[in-house]
Amino acid sequence: MLAQIGDGAKVLAGGQSLIPLMKLRFANPSHLVDLNFVPGMSYVKGENGTLHFGALTRHAEIEGSETAARIPILHDCAAGVADVQVRNRGTIGGSLAEADPSGDWATVLMTLETEVHCLNAKSERTIALADFIKDAYTTALAHDELVREVVVRVPPPGSGGAYLALKRSAPVYPTASVAVQLTMERDACKDVAIALGCVGLTAIRAHDAEGVLRGQSVTGKKIATVVEAVRTACEPQSDMRGSADYKRNLAGALARRALESAVRRARGERLELGHIYA
Ligand SMILES: Cc1cc2nc3c(=O)[nH]c(=O)nc-3n(C[C@H](O)[C@H](O)[C@H](O)COP(=O)(O)OP(=O)(O)OC[C@H]3O[C@@H](n4cnc5c(N)ncnc54)[C@H](O)[C@@H]3O)c2cc1C
């Protein structure tokens with residue numbers, strides 16, 4: 001249908017981004033192609049060391065999924081998206097396709113090995129998440145192409161992750177957010193990925209901060225250096241959620257807490273995490 005109608009058509013998934021944009025007249029599609037009538041697009045499956053999420057899987061289904069909880073940072077993310085109403089409708093595929101710079105999923109999934117499986121009427125392709133998100137509200141999808149599935153590799157034993165955001169209230173996007181996913185080997189950090197949300201046009205990988213930790217013990221001194229590197233990596237805009245300086249400092253503080261929680265989880269501690277409300 002997308003190919004037949006042309007680029008005036010828009011896919012409708014949970015409608016939690018598209019419908020508000022249509023109400024504001026920022027989106028004005030000639031046709032809506034409703035994915036909710038397509039069977040078999042909503043599931044969470046574990047297969048050969050990977051987790052598979054159908055594009056139409058709601059945030060709430062992921063929040064309640066024991067399979068998804070094998071990667072605790074995914075539960076942190078799903079449970080923190082907006083409020084119950086939004087989580088019951090909004091989907092993981094819609095969230096990535098929207099590429100909202102304040103969206104939670106891209107920030108979290110960037111710290112994991114994540115692939116986006118896409119298809120149109122003629123062919124399928126697999127795109128690494130880092131190549132899928134091109135810019136704010138811009139992805140690699142062609143107008144006649146769908147996200148079919150999101151595939152995440154389960155991290156090795158000794159891994160832990162944590163996702164933390166600061167929000168003014170549940171049904172708003174975060175002011176800033178930080179995702180940390182790492183693997184510990186004895187007392188050293190073998191590998192780490194740190195992603196920053198809401199402080200740039202897309203989620204930002206804090207590569208310099210990661211470099212501080214890789215192969216090193218996670219000491220107080222190292223954490224302080226990571227916090228500084230995170231502040232430097234941010235590219236925030238001042239807006240109604242806070243000044244650029246405030247967001248930069250906030251991202252540093254969130255990075256410290258997320259890093260400490262990720263290390264505790266990597267050491268086997270079961271830790272319930274929730275976003276921080278201002
Ligand atoms: C009050 C409110 C608060 C919110 N707060 C947060 C928050 O804190 N954090 C957060 O991350 N999100 C938040 N959201 C957004 C929410 O997570 C949405 O669910 C998500 O951004 C889009 O998912 P959707 O399924 O609703 O997509 P839709 O709104 O249906 O679609 C969004 C876009 O993606 C396209 N699309 C959808 N599915 C596909 C697909 N499978 N293939 C190709 N293109 C597709 C659509 O054509 C459209 O352009 C909030 C929304 C509201 C209304």
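We count ligands from 1, going down the list as the structure has it; atoms in each ligand are counted the same way.
A salt bridge does not link Lys122 to Asp144: none of the charged nitrogens lies less than 4.0 Å from a carboxylate oxygen. Under the 4.0 Å criterion applied to side-chain N and carboxylate O atoms, Asp104 and Lys167 are not assigned as salt-bridge partners. Using a 4.0 Å cut-off between charged nitrogen and carboxylate oxygen, Asp34 and Lys10 do not count as a salt-bridge pair. Using a cutoff of 4.0 Å between basic side-chain nitrogens and carboxylate oxygens, Arg231 and Glu228 are scored as salt-bridged. A salt bridge is defined here as a Lys NZ or Arg NE, NH1 or NH2 lying under 4.0 Å from an Asp or Glu carboxylate O, and Glu63 with Arg58 fails to meet this definition. Using a cut-off of 4.0 Å between Lys/Arg side-chain N and Asp/Glu carboxylate O, Arg214 and Glu210 are scored as salt-bridged.
Interface of Gly90 with ligand 1, defined as ligand atoms under 4.0 Å from a residue heavy atom, comprises 19 (O), 25 (O), 26 (O). Set against the non-hydrogen atoms of Leu35, the atoms of ligand 1 under 4.0 Å away are 40 (C), 41 (N). Interface of Ala55 with ligand 1, defined as ligand atoms under 4.0 Å from a residue heavy atom, comprises 41 (N).
Counting heavy atoms from C-beta outward, Val154 and Thr50 have side chains that stay 4.5 Å or more apart.
The protein atom (non-hydrogen) at minimum distance from atom 9 (N) of ligand 1 is Asp104 OD2, 2.6 Å. Atom 51 (C) of ligand 1 has as its closest protein heavy atom Gln16 O, 3.4 Å. Closest protein heavy atom to atom 31 (O) of ligand 1: Leu18 CB, 3.9 Å. Atom 5 (N) of ligand 1 has as its closest protein heavy atom Ala82 CB, 3.3 Å. Taking atom 33 (C) of ligand 1 as the reference point, the nearest protein heavy-atom neighbour is Glu98 OE1, 3.1 Å. What sits closest to atom 14 (N) of ligand 1 on the protein, heavy atoms only, is Tyr173 OH, 3.0 Å. Nearest to atom 2 (C) of ligand 1 among the protein's heavy atoms is Val86 CG2, 3.7 Å.
Between His59 and ligand 1 there is a heavy-atom distance shorter than 4.0 Å. Heavy-atom separations between Val172 and ligand 1 include at least one value shorter than 4.0 Å. Ligand 1 lies less than 4.0 angstrom from a heavy atom belonging to Val81. Using a non-hydrogen distance threshold of 4.0 Å, Arg58 does not register as a contact of ligand 1.
Note: no N/O pair closer than 3.5 Å links Ser102 and ligand 1 by distance alone. Considering backbone and side-chain atoms alike, Arg89 places every N or O at 3.5 Å or more from each N or O of ligand 1. Between Glu145 and ligand 1, no N or O atom pair is found at a separation short of 3.5 Å. Considering backbone and side-chain N/O of Leu141, none are found under 3.5 Å from N/O of ligand 1.
Among Val11, Thr91, Leu32, the residue whose heavy atom lies nearest to atom 39 (C) of ligand 1 is Val11. Here the shortest heavy-atom distance to atom 42 (N) of ligand 1, taken over Ile92, Val147, Asp100, belongs to Val147. With Gly54, Gly94, Gly80, Ala13 as candidates, the residue nearest to atom 23 (O) of ligand 1 on a non-hydrogen basis is Gly94.
In this structure, CG in Asp191 is found 10.5 Å from CG in Leu213, a value given to the nearest 0.5 Å. With values rounded to the nearest 0.5 angstrom, Trp105 atom CH2 is found 10.0 Å from Tyr163 atom OH. Between Ser177 atom OG and Ile276 atom CD1 the span is 11.0 Å, to the nearest 0.5 Å. Expressed to the nearest 0.5 Å, how far NE2 of His75 lies from OG of Ser65 amounts to 9.5 Å.
In terms of heavy atoms, Ser102 sits closest to Pro174 at O-CD, 3.7 Å.
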Could you go step by step and tell me if Val178 and Arg256 meet the side chain to side chain contact (heavy atoms under 4.5 Å, CB included) rule?
CA-CA 9 Å; Val178 176; Arg256 175 187 295 277; over 6 Å; no

